[in-house]
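In this chain, residues are counted from 1 in sequence order.
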Amino acid sequence: MSGMGGGGKNYLENVTVLVVDGNSFMRKVIRGILYSFGCSKIREAEDGAAALKQMMGTLPDLILTEYRMTPVDGVEFTRMLRAPNDSPNPFIPIIMLSAYSERVHVMAARDAGINEFVAKPFSARALMLRIVEAIERPRPYIRAKTYFGPDRRRRTVDGMDGSGRRKEDRYDERTGDGLSQDDIDSIVAGDIISPHK
């Protein structure tokens with residue numbers, strides 16, 4: 001993933017992305033967004049099992065996965081990838097894309113080891129902000145008894161908000177009955193937000 005710098009038209013030019021989603025139309029939409037950022041190395045899978053098979057050959061640099069799929073959903077797929085002894089690469093950045101943006105689903109994805117979560121429907125900008133976050137500001141990986149994955153705590157530093165993002169990069173968009181994208185970012189980062197939002 002070398003040669004990347006802050007976004008732009010050719011930001012993903014040298015990046016191989018695996019898009020895992022049971023909906024062929026959504027895969028096409030995501031592919032179009034990735035093309036707009038210069039990504040031409042895009043592979044697709046209908047669920048986590050098919051994605052794992054694909055990964056036996058060549059590993060992607062980044063994975064974008066849906067939450068709800070059968071027979072292997074995005075959370076189970078993430079857990080399999082984060083299993084240090086069985087995974088082809090437990091450090092691959094994983095971004096969950098899903099309309100299931102309620103707190104329980106976001107926390108399940110976070111606890112499985114995703115790097116970022118983007119609520120559907122989403123804009124190209126919202127997706128790109130999380131891709132940049134996963135690539136340029138990755139959190140260190142930690143190992144605990146029941147967890148391996150990105151550290152869920154982000155440091156607060158000058159120019160950053162509590163989630164570790166620059167304040168000007170925040171993107172708050174309500175996602176139907178689910179949480180706002182800012183609330184999702186806070187959960188993924190390990191921040192505490194009001195349970196009544």
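- Ionic pairing of D61 and K41 is not present here: no N-O contact between side-chain nitrogen and carboxylate oxygen is shorter than 4.0 angstrom.
- Counting only heavy atoms from C-beta outward, the side chains of D182 and I184 never approach each other to under 4.5 Å.
- Of the charged side-chain nitrogens involved, none lies within less than 4.0 Å of a carboxylate oxygen, so that R68 and D47 do not count as a salt-bridged pair.
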The test is side-chain contact (heavy atoms from CB on, under 4.5 Å); show your working for L12 and Y35 and say whether it passes. CA-CA 8 Å; L12 298 176; Y35 281 146; over 6 Å; no
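- In this structure, CZ on R110 lies 8.0 Å from OH on Y147, to the nearest 0.5 angstrom.
- Counting only heavy atoms from C-beta outward, the side chains of I114 and I95 never approach each other to under 4.5 Å.
- Atom-to-atom distance recorded for T146:OG1 and D111:CG is 8.5 Å, nearest 0.5 angstrom.
- Looking only at distances, no side-chain donor or acceptor of R43 sits under 3.5 Å from a matching main-chain atom of L18.
- The side-chain heavy atoms of R82 and P150, taken from C-beta on, include a pair separated by under 4.5 Å.
- Looking only at side-chain heavy atoms (C-beta outward), M55 and P60 come within less than 4.5 Å of each other.
- Between D185 and R130, some side-chain heavy-atom pair lies under the 4.5 Å cut-off.
- With D73 contributing its side chain and E76 its backbone, the two residues share a donor-acceptor pair below 3.5 Å.
- Rounding to the nearest 0.5 Å places CG of L81 at 4.5 Å from CD1 of I94.
- If you take CZ on F122 and OG on S98, they are separated by 10.5 Å, rounding to the nearest 0.5 Å.
- In this structure, the side chains of T78 and M96 come closer than 4.5 Å at one or more pairs of heavy atoms.
- Between I131 and F37, every side-chain heavy-atom pair lies at or beyond the 4.5 Å cut-off.
- R103 approaches I187 most closely through the heavy-atom pair NH1-CD1, 4.0 Å.
- Contact of the V132 side chain with the Y11 side chain is registered, since non-hydrogen atoms from C-beta on lie closer than 4.5 Å.
- Between F148 and Y141, the ring planes lie tilted relative to each other; the angle falls in the 30° to 60° range.
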